[in-house]
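The structure appears right after this line, and notes come after that.
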Amino acid sequence: MKFGGTSMAGTERIRRVANIVRAQAARGDQVAVVVSAMAGETDRLVNFCREANPLYDPAEYDVVVASGEQVTSGLLALTLQALGCKSRSWLGWQLPIHTIEAHAKARVESIDAEALIASMEAGEIAVIPGFQGLSEAGRVTTLGRGGSDTSAVAVAAAIKADRCDIYTDVDGVYTTDPRIVAKAKKQKAVTYEEMLELASVGAKVLQTRSVGLAMKEKVRVQVLSSFIGEGAPPADDLPGTMIVSDEEMDELVEKGLMERQLVTGIAHDKNEAKVILTRVPDRPGAVANIFEPLAAASINVDMIIQNVGRDKGETDVTFTVPQSDLARAQALLEDRRGEIGFNRIITDSKIAKISVVGVGMKSHAGVASSMFRALSDRGINIQAISTSEIKISVMIDEDETELAVRVLHTAYGLDAKD
Ligand code: ADP
Ligand code: ASP
Ligand code: MG
């Protein structure tokens, strides 16, 4: 069972969580619980690091930001004890949860789960802070923002859990962010592949890596709400959204429990920034010169367009990077101005990426053209386009994000009928 930041925000809410955990244990299950820091806490800690040293050392950043989860794991164990349950916390370094060295964006390599399993078999409810791990060098690491989802899936895989229930502040995965579109529909099931794509383009209900890991380790993941009343159905009755294999989805469709849909969901991402390099030489090697230094600095480039060449063998190159990496990217490119041979760097953080995801696209034409038409009918200008087998993304002005998501939700017939 994993509980996110909103579910853990304050002792009152932690008591609610403890009651849900106790009810699950009372059904005869051995339970491990992974918790996030209280909502807002990680942001607060990140700000402290920025204030202390704008060019902070990621290893010390991890020491600071991992502390939020230490607090909530101890508090949940204490609350469970107050309810008469046996419970203890297991910090990342105590298990340990081994991760790679990459501070602030570490990946879980393995978890030593013997002691954890023994304690669970002895009737103790295990509480594990999410987000944190231990590097080979013996230092605290964190898994990137939203990383508690990945901690939960990794723990579930390590203890061979029957299910990994991700409790959050919405009751499942919707056709789009229900906070933007009131008519978004809850899905009974979503395939791993679709969830992976949705998460990677901004549906933050699950961290992308957690979905990839669940797919690889075949962990059964359910997304459901922790804000439930006494009479709510138990998690075992699958009240939330199950992440399922393609085969399971086919079965659900055959049984009439799911409809086959062309588009599963729409996601938005406001965390990218656009970079334009003007008058880059239009010859072999020019683009490699731009992207090699960015790759070497672990800066992920997402959308790329090379404009039609101008006269004199020159072209403009436009691409996006995470906003948090924009300053670094700009500095790296400036350093190599001579080598790359561009004229100006123009940047813009006020952009958003809107993506339409669905496996149905593999076999259906026309999904992209209806997206472009729906956006143009509302006067929304598309600045860049990228596609994969099951996704189409467009870059637009950030101010038009909510409008674009709503328009597309209606255009693909996803609006709930009250
Ligand atoms: P937690 O703190 O529990 O990890 P998050 O804030 O990370 O919760 O993720 C839950 C939020 O994800 C929801 O409050 C919702 O606004 C947002 N969200 C974005 N896209 C979707 C979607 N397609 N379905 C459900 N929630 C979504
Ligand atoms: N507390 C961390 C964050 O806010 C991890 C998480 O909640 O998943 O990013
Ligand atoms: Mg989250």
Side-chain angles (χ1 to χ4, degrees), residues 1-9 13 17 34-47 61-62 64-73 92 104-106 108 128-133 141-155 164-190 194-211 221-227 240-241 243 263-271 324 354-358 401-402 405 408-409 414 416:
M1 306 173 81
K2 179 259 174 179
F3 293 88
T6 324
S7 311
M8 296 298 292
R13 290 195 180 169
V17 165
V34 172
V35 294
S36 285
M38 295 190 195
E41 179 63 6
T42 310
D43 287 339
R44 193 175 76 98
L45 296 168
V46 169
N47 277 330
Y61 162 95
D62 278 349
V64 176
V65 300
S67 66
E69 273 75 6
Q70 171 160 344
V71 171
T72 48
S73 59
K105 46 182 162 192
V108 178
I128 301 155
F131 193 42
Q132 54 175 254
T141 53
T142 63
L143 307 181
R145 297 306 305 271
S148 296
D149 297 329
T150 303
S151 307
V153 172
V155 168
C164 177
D165 284 339
I166 306 274
Y167 284 86
T168 181
D169 53 7
V170 288
D171 59 356
V173 178
Y174 281 70
T175 44
T176 193
D177 190 337
R179 295 187 199 286
I180 292 195
V181 179
K183 287 185 170 172
K185 267 189 299 207
K186 191 176 114 186
Q187 313 270 41
K188 224 189 274 313
V190 176
E194 288 167 317
M195 193 62 237
L196 190 63
E197 197 85 46
L198 274 171
S200 75
V201 292
K204 71 167 186 164
V205 59
L206 287 176
Q207 197 200 31
T208 310
R209 269 205 194 135
S210 72
V211 187
V221 175
Q222 176 178 212
V223 176
L224 70 174
S225 175
S226 73
F227 292 83
T241 299
I243 314 298
V263 168
T264 311
I266 297 167
H268 69 279
D269 183 355
K270 294 182 176 176
N271 294 318
S324 53
I354 313 294
S355 307
V356 172
V357 173
T401 307
E402 281 76 16
V405 171
L408 293 173
H409 199 265
L414 298 175

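Start at 1 and go down the list; that is how both ligands and their atoms are numbered. Numbering of residues begins at 1 and proceeds along the displayed sequence.
For atom 6 (C) of ligand 2, the closest non-hydrogen atom on the protein side is Ser148 OG, 3.3 Å. Atom 7 (O) of ligand 1 has its closest protein heavy atom at Lys204 O, 3.5 Å. With respect to atom 21 (C) of ligand 1, the closest heavy atom belonging to the protein is Asp177 CA, 3.7 Å. Among protein heavy atoms, atom 1 (P) of ligand 1 sits closest to Thr168 OG1, 3.6 Å. For atom 23 (N) of ligand 1, the nearest non-hydrogen atom of the protein is Tyr174 O, 3.0 Å. When only non-hydrogen protein atoms are considered, atom 7 (O) of ligand 2 lies nearest to Ser36 OG, 2.9 Å. Summary of contacts: the protein heavy atom closest to atom 3 (C) of ligand 2 is Arg145 NE, 3.3 Å.
Within the 4.0 Å heavy-atom shell around ligand 1 one does not find Gly146. By the 4.0 Å heavy-atom criterion, Glu69 is counted among the residues contacting ligand 2. Note on ligand 2: Gly4 sits outside its first shell, no heavy atom being nearer than 4.0 Å. Ligand 2 lies nowhere less than 4.0 angstrom from a heavy atom belonging to Gly130. The shortest separation from a heavy atom of Lys2 to ligand 1 is under 4.0 Å, placing the residue in contact.
Residue Thr42 approaches ligand 2 through these ligand atoms, each under 4.0 Å from one of its heavy atoms: 1 (N), 2 (C), 3 (C), 4 (O). Close approach of ligand 1 to Gly172 is summarised as follows: ligand atoms under 4.0 Å from at least one heavy atom of the residue are 24 (N), 25 (C). Counting the atoms of ligand 1 from 1 in the order shown, those under 4.0 Å from a heavy atom of Val173 are 24 (N).
Between Asp169 and ligand 1, at least one N/O pair is under 3.5 Å apart. Ligand 1 has a nitrogen or oxygen under 3.5 angstrom from a nitrogen or oxygen of Arg179. Between Gly5 and ligand 1, at least one pair of N/O atoms sits closer than 3.5 Å.
Contact annotation: for Ser7 versus ligand 1, there are no heavy atoms closer than 4.0 Å.
Gln207 places a side-chain N or O within 3.5 Å of a backbone atom of Arg145 that can act as its donor or acceptor partner. Although no hydrogens or angles enter the test, the distance criterion places a donor-acceptor pair under 3.5 Å between the side chain of Gln132 and the main chain of Gly92.
In terms of heavy atoms, Val65 sits closest to Thr42 at CB-CG2, 4.4 Å.
In this structure the side chain of Leu45 reaches within 4.5 angstrom of the side chain of Ser67, judged on heavy atoms.
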